[in-house]
Amino acid sequence: MLVYEIYRALSYVVSPLLQLHLRWRKIRGLEHPTRMPERLGRPSLTRPPGPLLWFHAVSLGEGMAAIPVIKECVKWRPDLNILLTTATMSACEVIINQLPTGVLHQFSPIDTPAAMDAFLDYWNPNAIMLLECELWPNLIMVSSRKGIQLALLNARVSMKSFKLWSAPVLFPLISLLLSKFSLIIPLSSMQGIHFQLLQAPPFIINFAGDLKYAVEYDASKEELRSIDDLKVQLGHRKVWMASSIHRGEEEVMLGVHKVLKQVYPDLVTIIVPRYPQHGKDIAQKLQKEGQLVALRSQHQKIVPGRNIYVVDTLGELRHLYRLTPVAVIGGSFFPGLAGHNISEAAAAGCAVLTGYHVGHFSHMIREMQRLNPLSVLQVTGKLELEEAMLKFFSDAKVLEARQTASKQAFHALSNGIIANAWNVLYFHVLKQALLKGR
């Protein structure tokens, strides 16, 4: 409590600076131009009467993992109001169109006493479901004081955070915060051990599987028409995709592209950077070099002579995987990176490759490889990636075996995850929260 009181006092003191920081982010286009007051706990929507569940996911990946659970909640308890908060613009832009009818969206409040008190007093949720590693002290302690049930879904802690949280200064605070939860659903058994070592009560830890295996393909008619149009443009050309790449990784992918193009002149390389601006930068650089590049945001066609297709949009990746037999998942080729979700590519039936710098996604890779060693191929860098791609394109049976393995492993691991998560969540949290009649 002493460490928390210090944190609470400091968060009071820095509140004006945080507000200035939000204004600076707004100027840079990183905050919504008209909805910034939501970040200070001021609502822009009317709270409907009746019980309300609050799901909080900071960014796009966590938000997409929350949506299947929200849909399961709507399916079984349509009488409940649901609020989803996210912190980033990219998450809002994509997720707001994916939510079931009636589900509310707000930007999450910053973790200052004033913002959190205002938010909780207005929305008055019966239960709060936090995604992955969102341990905000004021949110948790104020919610606990108000008697609001707390759950941590797809819970994880990176090795860097685990070491930091285990240090003498922070360990008492983290243990206190974890003690306020009614349920923790770790995304793996190793993560469960980490939370126990951080003194989370063992009886609140329950397993349901990694929610990121719950891949959904809901798409509008316009989106489906766009993907089908791309299929026609690609025709029978050799295709591969490098997805979720970070700055610097494009050099690896373009180097591989150059080698493959010498063997397969009609090759098409689809590049999907993690951030849209990076895609625009890649396209601009290649165009200056005289290469013909198609940019998705400009609706440019993949015509003969154009061998590189750069996707500088958000929220389409799971649909774009249907265009390619091979997916190389970026954010994994340089030290300091931490990988990205490989399950969407596996669900689409792609042969899946990734680097070795994969952070907590290592558990997903190990699980898939345990079920079928061919399901995920890890490569150290450009040379091994070149070798693998040449093998795949020259031997259809090898490629097909990889595609089948990844899809089978995905289906085995994804089966029943949402139902399991809903059952555990309802029994340990929602049942008690709704009985209180708050």
Side-chain angles (χ1 to χ4, degrees), residues 4-5 7-60 62-63 66-67 70 73 80-152 177 180 314 433 438:
Y4 169 64
E5 292 299 338
Y7 172 89
R8 186 172 175 83
L10 286 173
S11 61
Y12 264 121
V13 172
V14 301
S15 290
L17 294 176
L18 289 175
Q19 292 187 39
L20 287 173
H21 178 64
L22 287 175
R23 290 194 181 96
W24 173 240
R25 284 175 54 85
K26 180 182 175 181
I27 293 169
R28 295 170 59 204
L30 299 176
E31 295 288 339
H32 196 280
T34 61
R35 294 175 61 183
M36 200 185 79
E38 295 173 27
R39 301 283 275 142
L40 303 176
R42 301 168 193 161
S44 62
L45 297 173
T46 301
R47 187 205 191 280
L52 182 138
L53 308 180
W54 172 22
F55 286 81
H56 171 59
V58 65
S59 61
L60 180 57
E62 292 88 346
I67 287 176
I70 291 173
C73 183
L80 301 178
N81 299 301
I82 298 177
L83 169 69
L84 173 66
T85 60
T86 57
T88 64
M89 284 277 288
S90 59
C92 173
E93 290 169 5
V94 175
I95 287 171
I96 203 163
N97 296 317
Q98 307 270 346
L99 292 173
T101 303
V103 174
L104 308 172
H105 176 270
Q106 296 278 271
F107 283 100
S108 59
I110 56 176
D111 196 49
T112 61
M116 203 53 67
D117 284 340
F119 184 92
L120 291 171
D121 286 344
Y122 181 82
W123 291 103
N124 190 28
N126 292 67
I128 302 172
M129 278 59 69
L130 306 177
L131 269 291
E132 296 204 357
C133 52
E134 291 298 292
L135 295 183
W136 292 104
N138 285 321
L139 186 162
I140 293 167
M141 296 300 290
V142 174
S143 300
S144 177
R145 190 178 70 240
K146 291 176 178 287
I148 302 170
Q149 299 277 312
L150 287 157
L152 191 60
L177 297 179
K180 303 302 180 183
L314 288 168
R438 292 187 60 262

### Task
Any chance you could measure L84, atom CG, to F107, atom CZ, to the nearest 0.5 Å?
11.0 Å
### Message
Whether the side chain of D111 engages the backbone of M116 through a donor-acceptor N/O pair (distance < 3.5 Å, no angle test) should be reported.
### Response
no
### Message
With side chain to side chain contact (heavy atoms under 4.5 Å, CB included) as the criterion, how do E5 and L10 come out once you've worked through the C-alpha distance, each side chain's angles and the decisive distance to 0.1 Å?
### Response
CA-CA 9 Å; E5 292 299 338; L10 286 173; over 6 Å; no
### Task
Indicate the atoms forming the closest heavy-atom contact of E134 with L130, along with that distance.
O-CD1, 3.2 Å
### Message
Set out, in order, the CA-CA distance, both residues' side-chain angles and the distance that settles side chain to side chain contact (heavy atoms under 4.5 Å, CB included) for H32 and M89, then state yes or no.
### Response
CA-CA 7 Å; H32 196 280; M89 284 277 288; 3.8 Å; yes
### 4.5 Å side-chain heavy-atom contact, T112 and L40
no
#### Entry: Nearest heavy-atom neighbours spanning N126 and A433
O-CB, 3.4 Å
### Query
Can you find a heavy atom in the side chain of W123 that is under 4.5 Å from one in the side chain of L52?
yes
### Query
Is there side-chain contact between V58 and T86, with heavy atoms separated by less than 4.5 Å?
no
### Heavy-atom neighbours of W136 CH2 exceed 12 at 6.0 Å
no
### Task
Please lay out, stage by stage, how Y122 and R42 fare under the test side chain to side chain contact (heavy atoms under 4.5 Å, CB included).
CA-CA 8 Å; Y122 181 82; R42 301 168 193 161; over 6 Å; no
### Query
If you measure from NE2 on H105 to CG on L83, what distance do you get to the nearest 0.5 Å?
8.5 Å
### Query
Looking only at heavy atoms, which two atoms of I110 and A115 are closest? And how far apart?
O-CB, 3.5 Å
### Query
Below 4.5 Å, heavy atoms only, C-beta onward: do M129 and L53 meet side chain to side chain?
yes
### Check: S144 side chain, I140 main-chain N or O, donor-acceptor pair, under 3.5 Å
no
#### Entry: Spatial distance of atom CD (Q149) from atom CH2 (W54) [nearest 0.5 Å]
15.0 Å
### Message
Between S11 and N138, is there a side-chain donor-acceptor contact under 3.5 Å, judged purely by atom types and distance?
### Response
yes
### Task
Check whether any side-chain heavy atom of T85 lies under 4.5 Å from a side-chain heavy atom of F119, and answer yes or no.
yes
### Summary
Closest non-hydrogen contact found for S90 with L60 is O-CD1, 4.3 Å
## Note on the structure
Between L177 and P137 the two heavy atoms that sit nearest each other are CD2-CA, 3.8 Å
### Query
What are the two closest non-hydrogen atoms of S143 and L139, and how far apart are they?
OG-O, 2.6 Å
### Task
Compare all side-chain heavy atoms of C73 with those of I82 and state whether any distance is below 4.5 angstrom.
yes
### Query
Distance only, no hydrogens: is a donor on one side chain within 3.5 Å (strictly under) of an acceptor on the other, for S59 and E62?
yes
### Message
What verdict does the side chain to side chain contact (heavy atoms under 4.5 Å, CB included) test give for L30 and T88, after you've listed the backbone C-alpha separation in whole Å, the side-chain angles of each residue and the deciding distance to 0.1 Å?
### Response
CA-CA 8 Å; L30 299 176; T88 64; over 6 Å; no
### Query
Heavy-atom distance under 4.5 Å between the side chains of P109 and R39, does that happen here?
no
### Message
Using 0.5 Å steps for rounding, measure from the NZ atom of K26 to the OG1 atom of T34.
### Response
8.0 Å
### Query
Between R35 and E38, is the closest basic N to carboxylate O distance under 4.0 Å?
yes
### Query
Could you give the distance from CD1 (I96) to CD (Q98), rounded to the nearest 0.5 Å?
11.5 Å
### Task
Over 60° means perpendicular and under 30° means parallel, so classify the ring planes of Y7 and Y4, tilted if in between.
parallel
#### Entry: Side chain to side chain, M36 and R23, heavy atoms closer than 4.5 Å
yes
